[in-house]
Number of protein chains: 2
Amino acid sequence: MNLKQLAHMLALSQTTVSRALNGYPEVNEETRRRVMDAAKRHGYRPNPSARRLATGKSGMIGYVLPTGAAVDIDPHFVEFLSGLGDYARSHDLDLVLSPADADDQETTYRRIAANRQVDAIYISSPRPADRRVALVNTLGIPFIVHGRSEGSGFDYPYLDIDNEGAFHEASRLLVQLGHRRLALINGDDRETFAIHRERGVRRALAASGLRLENRHVCSVVMTEENGYRAARRLLEQDGAPTAIACSSLIMALGVVRAVRDLGLSIPGDVSLIAHDDVFPWLKPENFSVPLSTTRSSIRLAGARIAERLAARISGLEEGARGEVWPVDLVVRGSVAGAPV
Amino acid sequence: MNLKQLAHMLALSQTTVSRALNGYPEVNEETRRRVMDAAKRHGYRPNPSARRLATGKSGMIGYVLPTGAAVDIDPHFVEFLSGLGDYARSHDLDLVLSPADADDQETTYRRIAANRQVDAIYISSPRPADRRVALVNTLGIPFIVHGRSEGSGFDYPYLDIDNEGAFHEASRLLVQLGHRRLALINGDDRETFAIHRERGVRRALAASGLRLENRHVCSVVMTEENGYRAARRLLEQDGAPTAIACSSLIMALGVVRAVRDLGLSIPGDVSLIAHDDVFPWLKPENFSVPLSTTRSSIRLAGARIAERLAARISGLEEGARGEVWPVDLVVRGSVAGAPV
DNA sequence: AGAGTCTTCCAAAGCGCTTTGGCTTTGCTG
DNA sequence: CAGCAAAGCCAAAGCGCTTTGGAAGACTCT
């Protein structure tokens, strides 16, 4: 059932039917009702390809998915996707994942922009002066960055959480509890979020005349194994830290294991705070010793980004609006006063 | 730059240019070269919307993403996606995620099929007599099921791993080691994979005149927390099992925690084997006690499914071909003879 | 009553590609 | 040299929708 048939059936022109369906004003209300009715009754659905060709709009949100044998998609991505999908569903948006060689994403961005395959793009895991952001910005297609990319020299729309503030708060608490030697087990420090977190820790320490020693900072891909290794390395040093801030729950699992393997305990020997993106399948309150966290739902961020992208597509949102969410500090059993 | 311009530029007709570009035979090789050259030089890329409208092909693979506040996307999905994306990239396929209300996916399947939005669909986490499989089968759009749906009364193309065989082998090993009381911590038992795994365990036990007691079977959503709870419940019973088979590494984390909390040890008091889908961020060899696993890379499955979908799209693969992959049993420190 | 203004609808022109059907030109056969 | 097939190219007809530029009729105003 296509427009032509439907129009013929109603003894109207395609124009009128099309306008009636798309809510244009120049059509009699009574006629519109007739058209709507017939459309529903015959299950008419405009062919999206045709509509796209005519309008240039696709009703899709794009994401360039870096792939490659050595590339692991972040498990955070699923949670983010849940949120995005949740909103997208209620607004009839689909999501297009365009796989790209991790080392050459530019080609793919250009392609999807040139083709007008999607109405908007979202970008994740930005780095300082991220080229993708600059590129997409010039490509003239609506987009939002999840996270921030500093030092780009221009403004752009983004949604980020207050990573610096979160880790500042966490560190401040640890310092107040008497800890003098803090360590940070961070994610990939080429990404902005990691940089911000480290900055937060340093700032809190500096406020008390302390500093974060370089040997007390690790920057690794956030896996359980890396958490374990990092923690062992930290705790086996002379002058080992008495408190650890950790960038992910998954790494925290490794930290907990390392602490135990070394015959130490949490929080007796080491206090631990980790960042929690709120995964349904791994909860800090269920750690052997309930884990203190800085908490921010990545899922909500996904939904919000979808919402804002939709707004940008329909022209309701414009300009380079940045949005920074505060992060909760949730204190549980894994922190205590520094050992004497 | 569109076809028309390019054709005009070359003083050829659109027809010829189109044919040259798409590899049709009725064009002079020399002309083809000229066309190809000019196309490359001017960065010509056919407009996908137009092409789609003309051919009905979209170059996209579809997946219906169940969403909703209560729905958690399985973290396995990312790994699967890595594999799928890896193949898709090299074949210029995009992936469309169509979010759907988890309770009404049918509408969405019908929509994407009717619209010819995608060239093929993949379906995951099938259940016995899964309605989605039946539906898509009648919709006449190429598809592949990741997993199996038994009792549908018709054949369909799928890719599955030998879940029953894997858990049969694992259980047989445990029985050979003298274990008499086995337990199974399984995933959602409405899904086929879980049914198959339980069947594998039962068959192995039956072969030695043993049986799997109902109180020794848990079927839960695969989270760390649920693994912990299930393990505690099992191990605190009278006649607690001496060996546990577990359907996921994430749950195994919980099991390990429970065992320790109860003051027991692996493998001294309890042997443990879990299924490993091969996540880069959580490896069984890095568990405190290296974990024995049944191993099958879900990532490879993703790549293979993409490959087969591509083959089906281009007509190279047809019919209801089922493909079942064997599963490795990898024995590590977490299994030992039954305690005396 | 004639002029101007809405209102409501329509024919037709794209959007950019593929594909059908046909027309030359060339080369070869008998 | 007629006859024919193959090779190489083209014009034009879609694909199904939106949108432009009217046109016809109803209504208001002077």
Side-chain angles (χ1 to χ4, degrees), chain A residues 1-36 38-39 42-60 92 111-119 313-315, chain B residues 1-36 38-39 42-60 92 111-119 313-315:
Chain A
M1 167 69 51
N2 58 20
L3 225 211
K4 195 169 177 180
Q5 294 169 25
L6 187 64
H8 183 253
M9 184 158 285
L10 286 160
L12 286 171
S13 74
Q14 295 189 37
T15 311
T16 305
V17 176
S18 170
R19 287 186 157 147
L21 259 21
N22 293 324
Y24 281 67
E26 58 267 76
V27 48
N28 193 328
E29 271 314 316
E30 140 104 50
T31 310
R32 188 194 302 281
R33 200 176 342 275
R34 264 180 61 218
V35 172
M36 293 282 216
H42 294 82
Y44 168 74
R45 283 196 148 282
N47 177 317
S49 304
R51 165 176 267 168
R52 178 173 328 174
L53 181 58
T55 62
K57 297 266 171 200
S58 67
M60 295 180 160
D92 275 324
R111 190 195 84 209
I112 63 182
N115 290 345
R116 308 213 141 282
Q117 249 180 47
V118 297
D119 296 340
I313 290 173
S314 55
Chain B
M1 167 68 51
N2 58 22
L3 225 210
K4 196 169 176 181
Q5 293 169 26
L6 187 64
H8 183 253
M9 181 160 288
L10 286 160
L12 285 171
S13 75
Q14 294 190 37
T15 310
T16 305
V17 176
S18 170
R19 285 186 159 147
L21 257 23
N22 294 323
Y24 281 67
E26 57 268 77
V27 48
N28 193 326
E29 271 315 317
E30 141 102 49
T31 309
R32 188 193 304 281
R33 202 177 341 273
R34 265 180 62 220
V35 173
M36 293 283 217
H42 294 83
Y44 168 74
R45 284 196 147 281
N47 178 316
S49 304
R51 164 175 267 167
R52 179 173 327 174
L53 181 57
T55 62
K57 296 266 171 198
S58 66
M60 295 181 158
D92 277 323
R111 189 194 85 208
I112 63 180
N115 289 345
R116 309 212 142 281
Q117 249 181 43
V118 297
D119 296 340
I313 290 172
S314 55

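Protein chains get the first letters and strands the later ones, always in sequence-line order, with residue 1 at the start of each.
Nucleic acid contact class of A:Ser49 (heavy atoms, under 4.0 Å, all strands): none. Residue contacts for A:Ala11: at a heavy-atom cut-off of 4.0 Å it reaches the sugar-phosphate backbone alone, with no base atom in range.
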* To do: For nucleotides 19-26 of chain D, just jot down a letter per nucleotide in 5' to 3' order: B, S or -, based on protein non-hydrogen atoms under 4.0 Å.
  => BBB-----
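Rounding to whole angstrom units, CG of residue B:Leu53 and P of D:dG14 are separated by 14 Å. Regarding B:Glu29, its CD atom lies at a distance of 11 Å from the P atom of D:dC9, rounded to whole Å. The nearest whole Å value for the distance from the CG atom in A:Asn28 to the P atom in D:dC27 is 12 Å. Computed from coordinates, the A:Arg52 CZ to C:dG14 C1' distance equals 18 Å when rounded to whole Å. Computed from coordinates, the A:Lys57 NZ to D:dG16 C1' distance equals 20 Å when rounded to whole Å. In this structure, A:Arg51 places its CZ atom 18 Å from P of C:dG16, rounding to the nearest Å. B:Arg34 places its CZ atom 12 Å from the C1' atom of D:dC9, with the value rounded to the nearest Å.
Residue B:Leu3 holds its CG atom at 10.5 Å from CE of B:Met1, rounded to the nearest 0.5 Å. Summarising the geometry, atom CZ belonging to B:Arg33 is positioned 6.5 Å from atom CD belonging to B:Glu29; distances are rounded to the nearest 0.5 Å. In this structure, B:Ile313 CD1 and B:Asp119 CG are separated by 4.5 Å, a value rounded to the nearest 0.5 Å.
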* Yes or no on side-chain contact (heavy atoms from CB on, under 4.5 Å) for A:Glu30 and A:Arg34, after CA distance, side-chain angles and deciding distance? -> CA-CA 6 Å; A:Glu30 140 104 50; A:Arg34 264 180 61 218; 4.2 Å; yes
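For the side-chain hydrogen bond (donor to acceptor under 3.5 Å, both in side chains) test, residues two or more places apart in sequence or in another chain that qualify with A:Arg51 are A:Asn22.
Atom CZ of B:Arg111 sits in a crowded spot, with more than 12 heavy atoms from other residues, nucleotides or ligands closer than 6.0 Å.
Of the two residues near DNA chain D, B:Ala50 and B:Val27, the one whose nearest nucleotide lies more 5' is B:Val27. Comparing B:Thr31 and A:Tyr44 by the nucleotide of DNA chain D whose heavy atom lies nearest to each, the residue mapping closer to the 5' end is B:Thr31.
Put simply, the side chain of B:Ser58 never gets that close to the backbone of B:Arg52: no donor and acceptor are under 3.5 Å apart.
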Could you pull out every donor-acceptor pair under 3.5 Å between side chains of residues 42-50 of chain A and any protein atom, sequence neighbours left out?
{"residue": "A:His42", "atom": "ND1", "partner": "A:Ala38", "partner atom": "O", "Å": "2.9"}
{"residue": "A:Asn47", "atom": "OD1", "partner": "A:Ser49", "partner atom": "N", "Å": "2.7"}
{"residue": "A:Asn47", "atom": "OD1", "partner": "A:Ala50", "partner atom": "N", "Å": "3.1"}

When the side chains of residues 9-17 of chain A are checked against the rest of the protein, which donor-acceptor pairs come out under 3.5 Å, sequence neighbours left out?
{"residue": "A:Ser13", "atom": "OG", "partner": "A:Thr15", "partner atom": "N", "Å": "3.4"}
{"residue": "A:Ser13", "atom": "OG", "partner": "A:Thr16", "partner atom": "N", "Å": "3.2"}
{"residue": "A:Ser13", "atom": "OG", "partner": "A:Thr16", "partner atom": "OG1", "Å": "3.1"}

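Computed from C1' positions of five pairs at each end, the angle between the two local axes of the helix from C:dA1-D:dT30 to C:dG30-D:dC1 equals 50°, rounded to 10 degrees.
Under 4.0 angstrom from either OP1 or OP2 of C:dC17 there lies no side-chain N or O belonging to B:Asn47.
B:Met36 places a side-chain heavy atom less than 4.5 Å from the side chain of B:Leu21. The shortest side-chain heavy-atom distance between B:Arg32 and B:Val35 does not fall under the 4.5 Å cut-off.
Heavy-atom distances under 4.0 Å link DNA chain C to B:Asn2, B:Leu3 of residues 1-10 of chain B, given in residue order.
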